[in-house]
Amino acid sequence: MSENVVHLHKTPDPSAVTTLTVVPHLAPPAPVPLWVRSGRAVKTAVTHESTKTAARAVARHGLYVVGGARIAARRAWDGKTAARYERFMRAAEAAGNMDTAMEWEERAQRYRDARHRRRMDLLHSPLDAAKGLAVGTGTGIGSLVALGVVMAIATKDVTDVVTPLMAVVKFINLLIWIVSVVWGPLVSLAPFLTLLALWAVGSKQQAAPAWVMPDRVRNSEGEPITPSIVVKALRDLGVPALRNAIKEMGDAGASMLSPIVIAGCGIEVDVTLPSGVSTNEIQQRRRKLAENLSRHEHEVFITIPQAARTVRLWVADSGALDEPIGPSPLVTDDTLTANYAKGRAPWGQDLRGEAAALSLYQRHLLITGLSNQGKTAALRALALWLALDKSVQFLMGDLKGAGDWAMFDGLATVLIQGPTDEHVIEVTEMVEGAVDEMNRRLQAPPGTAFPPLIVLVDEAQVAFMCPAVDEDKRPYGGSKAKSRYFTAVRKIHNQGRAVNVLMWQGTQDPTDQNLPKLVREGAHTRASLALGTESQARMALGDKAVDGGAAPNLLRPGLDKGTVVVASDGIEIPAGQASITVRTHYIDTEGAHAIADRAKALRDGVTTLRAVERGEERDPLADIAAVLGNEKRVFTQDVIKRLALLNEDAYGRWSFGDLTRVLDAAGIEPKKSHGRMVVRAEDVTRALADRDTNGSASADK
């Protein structure tokens with residue numbers, strides 16, 4: 001019990017009242033009972049990791065014996081019955097290979113016939129054995145007696161007649177003694193030897209549940225992929241028809257698999273599915289299949305080859321896809337050039353580790369993906385390669401305006417950078433200018449060769465979502481027929497390929513609003529980085545590619561930057577597949593500027609317009625007459641230069657095609673002088689007079 005303690009407080013002042021303070025005295029805490037401490041110790045010991053490890057070890061080795069007995073019994077049953085042939089026959093039937101099934105059925109019948117003969121022989125074996133023993137015994141005794149007689153004659157001792165016979169009797173007696181000595185211990189040790197043999201079989205086959213296996217066995221991440229691992233992974237997918245078929249096949253489940261081959265940083269195997277199992281049932285369980293194979297979801301790719309009821313699995317080595325693929329050849333090889341018509345852009349590597357190169361010849365291109373996944377870098381790498389072909393011309397609009405395309409200043413004829421509605425208007429007019437150039441080329445004489453013109457718009461969703469309208473109330477954005485940007489893109493998609501006017505677009509997060517169906521389906525090459533949903537993947541790549549296994553929505557945002565799924569006839573795709581996954585080379589800003597400088601060195605110099613000027617209206621034909629002056633004829637190149645000096649804003653980026661378009665509209669046929677194209681003053685003057693006359697006549701009417 002606790003007691004009270006009285007404290008007496010005295011003060012220096014004698015007159016002060018002495019105070020008493022009563023402080024309760026707390027008793028020391030009672031000791032913890034021994035049984036409580038023992039219980040805690042037992043609980044700690046039970047939950048300790050060493051205890052768990054020891055318990056698992058005991059359970060594991062005990063279950064090895066059970067598993068070994070099961071395996072031995074199965075082997076004995078297979079050896080004594082036709083069960084093995086039955087399994088092989090069912091496996092062949094499940095795989096649809098009836099010829100093989102019939103062959104196994106014939107083998108099973110031959111086995112049954114042989115077994116029947118053996119059993120019939122066993123019925124006669126006791127009598128045959130008795131006869132053989134009698135004959136053998138009589139023959140043996142006679143031989144021993146004959147040998148004794150020979151010995152007796154030789155030694156002249158009649159007792160030697162039985163000497164060989166007695167020697168055999170003593171030898172048999174010795175064997176009986178040896179057996180009597182060994183038999184007891186052998187009988188005692190037999191159960192232990194049997195258990196040891198069963199344990200050895202179970203241990204070799206790892207015949208124990210996963211929860212009792214040691215960590216180094218249970219943690220099988222990164223282990224080599226074998227046929228048995230693939231079969232078990234498929235069996236445990238949760239598809240009843242597949243599980244039952246594999247169960248009937250037994251060990252012959254591996255007959256579903258093609259040979260496993262090394263494919264880059266992983267392996268590849270084709271799986272022929274049993275009847276009743278569809279390929280999309282496997283595709284829909286990609287994550288579970290990957291986990292069954294001790295891989296992450298992004299390390300397993302499922303595609304559909306040409307063969308019926310077959311899926312193709314590509315399984316990466318653990319962690320291999322997180323390793324960089326190395327720099328682009330554009331950075332490492334200063335001598336590399338491009339060829340628009342015959343060359344292929346070195347874009348990256350496929351999953352097999354082979355170089356992935358893309359042909360850009362007469363192919364409209366669309367690349368999409370979530371924000372900050374490397375879309376601009378992947379698109380820019382293609383443009384940088386193509387810039388090394390000096391015949392290629394660029395019209396560029398960057399509707400993000402962060403300077404990602406600044407290195408094309410001096411390469412592109414037009415480079416518009418900015419995210420505002422005003423920039424969208426300028427980009428729209430740039431694309432409409434490309435439509436005019438396309439129309440001019442389409443009306444040129446047959447056989448006329450035209451340089452490639454790439455119309456590139458990055459962040460194209462900004463253009464489609466732009467709410468601005470022009471003075472005629474026509475919207476710049478949108479996806480309707482009145483939309484100026486949409487209409488211009490569609491016109492290039494429809495006819496631009498024939499005259500090398502190509503539309504390249506990069507866009508984010510595709511939807512029907514920011515990437516209309518007619519626009520995305522007009523692209524010959526469609527590529528997608530990581531996306532959020534399967535519906536977006538279908539918008540980006542099309543139903544055929546997604547149904548064939550393309551799954552950009554399963555790429556890891558932020559971790560699979562620069563990895564694109566490509567559907568195009570411009571890249572080598574394995575037979576039977578509709579798409580291919582490419583890990584693109586990353587070219588940083590410094591490297592991009594270096595490549596652009598090399599491209600500029602190949603050209604005579606390009607004056608880049610940073611906006612589409614919409615200044616005062618000019619009369620091109622009158623200006624041509626003005627720059628001709630009093631000269632009878634002037635070379636066309638000189639006319640273009642004089643026009644640029646007359647008005648830089650209107651004629652600064654004119655080409656021979658622009659001049660020809662104005663002359664054709666005025667009815668002026670091209671002429672040559674000393675092998676070079678010229679413009680004659682009298683032709684221009686006459687065209688102006690005819691135009692004025694026709695205009696006056698129209699006004700009078």
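Just the heavy atoms: all of them, side chains too, but no hydrogens, waters or symmetry mates, feed the values below.
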Quick one: are [X] and [Y] in side-chain contact, heavy atoms under 4.5 Å?
{"X": "W385", "Y": "I595", "value": "no"}
{"X": "V639", "Y": "V627", "value": "yes"}
{"X": "R526", "Y": "S579", "value": "no"}
{"X": "N514", "Y": "T511", "value": "yes"}
{"X": "M430", "Y": "V455", "value": "yes"}
{"X": "V311", "Y": "T303", "value": "no"}
{"X": "S528", "Y": "I367", "value": "no"}
{"X": "K491", "Y": "V431", "value": "no"}

Backbone N/O of [Y] and side chain of [X]: donor-acceptor pair under 3.5 Å:
{"X": "N280", "Y": "Q283", "answer": "no"}
{"X": "R286", "Y": "I302", "answer": "no"}
{"X": "T448", "Y": "A444", "answer": "no"}
{"X": "D350", "Y": "E354", "answer": "yes"}
{"X": "S483", "Y": "Y476", "answer": "yes"}
{"X": "Q373", "Y": "G369", "answer": "no"}
{"X": "Q461", "Y": "Q508", "answer": "yes"}
{"X": "D389", "Y": "L386", "answer": "no"}
{"X": "N439", "Y": "V435", "answer": "yes"}
{"X": "T428", "Y": "V424", "answer": "yes"}

Rounded to the nearest 0.5 Å, what separation is found between the [atom1] atom of [X] and the [atom2] atom of [Y]?
{"X": "T507", "Y": "L379", "atom1": "OG1", "atom2": "CG", "answer": "11.5 Å"}
{"X": "T487", "Y": "E432", "atom1": "OG1", "atom2": "CD", "answer": "8.5 Å"}
{"X": "D658", "Y": "I640", "atom1": "CG", "atom2": "CD1", "answer": "7.5 Å"}
{"X": "T584", "Y": "I325", "atom1": "OG1", "atom2": "CD1", "answer": "6.5 Å"}
{"X": "M503", "Y": "L395", "atom1": "CE", "atom2": "CG", "answer": "9.5 Å"}

Inter- and intrachain pairs under salt bridge (Lys or Arg N to Asp or Glu O under 4.0 Å), touching [range], at least two apart:
{"range": "residues 468-479", "answer": "D470-R484"}
{"range": "residues 492-510", "answer": "none"}
{"range": "residues 355-382", "answer": "R363-D569, K375-D458, K375-E459"}

Has [X] got more than 12 heavy atoms of other residues, nucleotides or ligands less than 6.0 Å from its [atom1]?
{"X": "R603", "atom1": "CZ", "value": "yes"}
{"X": "K600", "atom1": "NZ", "value": "yes"}
{"X": "K400", "atom1": "NZ", "value": "yes"}
{"X": "K671", "atom1": "NZ", "value": "yes"}
{"X": "E297", "atom1": "CD", "value": "yes"}

On a heavy-atom basis, which atom in [X] and which in [Y] lie closest, and how many Å separate them?
{"X": "R556", "Y": "A530", "result": "C-CB, 4.5 Å"}
{"X": "Q393", "Y": "P451", "result": "NE2-CG, 3.6 Å"}
{"X": "A537", "Y": "N553", "result": "CB-OD1, 3.7 Å"}
{"X": "Y361", "Y": "A341", "result": "CD1-CA, 3.5 Å"}
{"X": "L621", "Y": "A666", "result": "CD2-CB, 3.9 Å"}
{"X": "T368", "Y": "P510", "result": "OG1-CD, 3.3 Å"}

*With F486, which residues qualify under ring pair (Phe, Tyr, Trp, His ring centres under 6.0 Å), at least two apart?*
none

*Which residues satisfy the ring pair (Phe, Tyr, Trp, His ring centres under 6.0 Å) test with Y586, sequence neighbours excluded?*
none

*Please assess L663 against V679 for the test side chain to side chain contact (heavy atoms under 4.5 Å, CB included), listing each intermediate value before the final yes or no.*
CA-CA 9 Å; L663 297 177; V679 179; 4.0 Å; yes

Side chain to side chain contact (heavy atoms under 4.5 Å, CB included) partners of [X], counting only residues at least two apart:
{"X": "T420", "answer": "E422, H423"}
{"X": "A357", "answer": "R344"}
{"X": "L382", "answer": "A345, W347, L358, L360, L365, W504"}
{"X": "D333", "answer": "T335, L336"}

*Step by step, would you call L411 with M396 a side chain to side chain contact (heavy atoms under 4.5 Å, CB included)?*
CA-CA 10 Å; L411 281 175; M396 290 188 168; over 6 Å; no

*Could you note down all residue pairs passing ring pair (Phe, Tyr, Trp, His ring centres under 6.0 Å) where residues 514-566 supplies at least one of them, sequence neighbours left out?*
H364-H524

_Listing request: all ring pair (Phe, Tyr, Trp, His ring centres under 6.0 Å) pairs with a residue in residues 618-652, at least two apart in sequence or in separate chains._
Y651-W654

*asked:* I need the single residue from V564, V565, T581 that forms a side chain to side chain contact (heavy atoms under 4.5 Å, CB included) with P552. Which is it?
replied: V565

*asked:* Going by side chain to side chain donor-acceptor pair (under 3.5 Å), name the pairs with one or both residues in residues 406-417, residues two or more places apart or in two chains.
replied: D409-R610

Ion pair present between [X] and [Y], side-chain N to carboxylate O less than 4.0 angstrom?
{"X": "R538", "Y": "D547", "answer": "yes"}
{"X": "D436", "Y": "R440", "answer": "no"}
{"X": "D683", "Y": "R686", "answer": "yes"}
{"X": "E631", "Y": "R642", "answer": "yes"}

*Passes side chain to side chain contact (heavy atoms under 4.5 Å, CB included), H493 versus R490? Steps please.*
CA-CA 5 Å; H493 278 176; R490 284 296 299 148; 3.9 Å; yes

*Test item: side-chain donor near acceptor, N500 and Y340, under 3.5 Å*: yes

